[in-house]
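Notes follow the structure.
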Amino acid sequence: MPEELRFELSFEGEDSADANILAQRLKEDLAEALPDAVIERKKPSQDTMDFGATLVLVLGTPVAVVAAKAITEFLRRNSGVKLVLSSDGSIIAEHLDSKDAARIVEAISRKSG
């Protein structure tokens, strides 16, 4: 069975409503680029009506670069958005924006390697 990678993607400096909209847009972009990945929204608390502005992305190692490219394209279309990429409770990369394509690929590839 191929190794699975698990990442959390969250938006920094956005209010709850905007972060939720961005999370939904990124989820749609990732689902299109990675049809076999598991992409879920994570609620901050189970007792809120908030859909969750954090995405949990589970994917196999061969598609890590595809995921990085999809995230980079999303950030290009949503200028000024800051993204935090974390795994296993630790932050891998933060303050990512569209100029950080190489950092995104490195962060995801480092986790898969």
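- Going from atom CZ of Phe74 over to atom CG of Leu83 covers 7.5 Å, rounded to the nearest 0.5 Å.
- Alongside Val58, the hydrophobic cluster contains Val38, Val56 (criterion: ILVMFWY side chains under 4.5 Å).
- Between Ser10 and Thr54 the shortest heavy-atom distance is CB-OG1, 3.6 Å.
- Annotation: the span from Glu14 atom CD to Lys82 atom NZ amounts to 10.5 Å, rounded to 0.5 Å.
- No continuous path of ILVMFWY side-chain contacts below 4.5 Å connects Leu30 to Ile21, so the two sit in separate hydrophobic clusters.
- Looking at residues two or more places apart in sequence or on another chain, you find no salt bridge (charged side-chain N to carboxylate O under 4.0 Å, His left out) involving Glu28.
- In this structure Asp15 satisfies the side chain to side chain contact (heavy atoms under 4.5 Å, CB included) test together with Ala17, Asp18, sequence neighbours excluded.
- Residues meeting the salt bridge (charged side-chain N to carboxylate O under 4.0 Å, His left out) test with Glu8, sequence neighbours left out: Lys42.
- For Arg25, the salt bridge (charged side-chain N to carboxylate O under 4.0 Å, His left out) criterion is met by no residue, not counting sequence neighbours.
- Legend: residues meeting side chain to side chain contact (heavy atoms under 4.5 Å, CB included) with Ala37, ordered by chain and number and at least two apart, are Leu34, Ile39, Leu57, Leu59.
- Among residues two or more places apart in sequence or in another chain, the salt bridge (charged side-chain N to carboxylate O under 4.0 Å, His left out) test is passed with Lys69 by none.
- Across every non-hydrogen atom of Asn78 and Leu22, the tightest pair is OD1-CD2, 3.6 Å.
- Of all heavy-atom pairs between Ser87 and Arg6, the closest is OG-O, 3.0 Å.
- Interatomic distance, Leu85 CG to Ile71 CD1, rounded to the nearest 0.5 Å: 6.0 Å.
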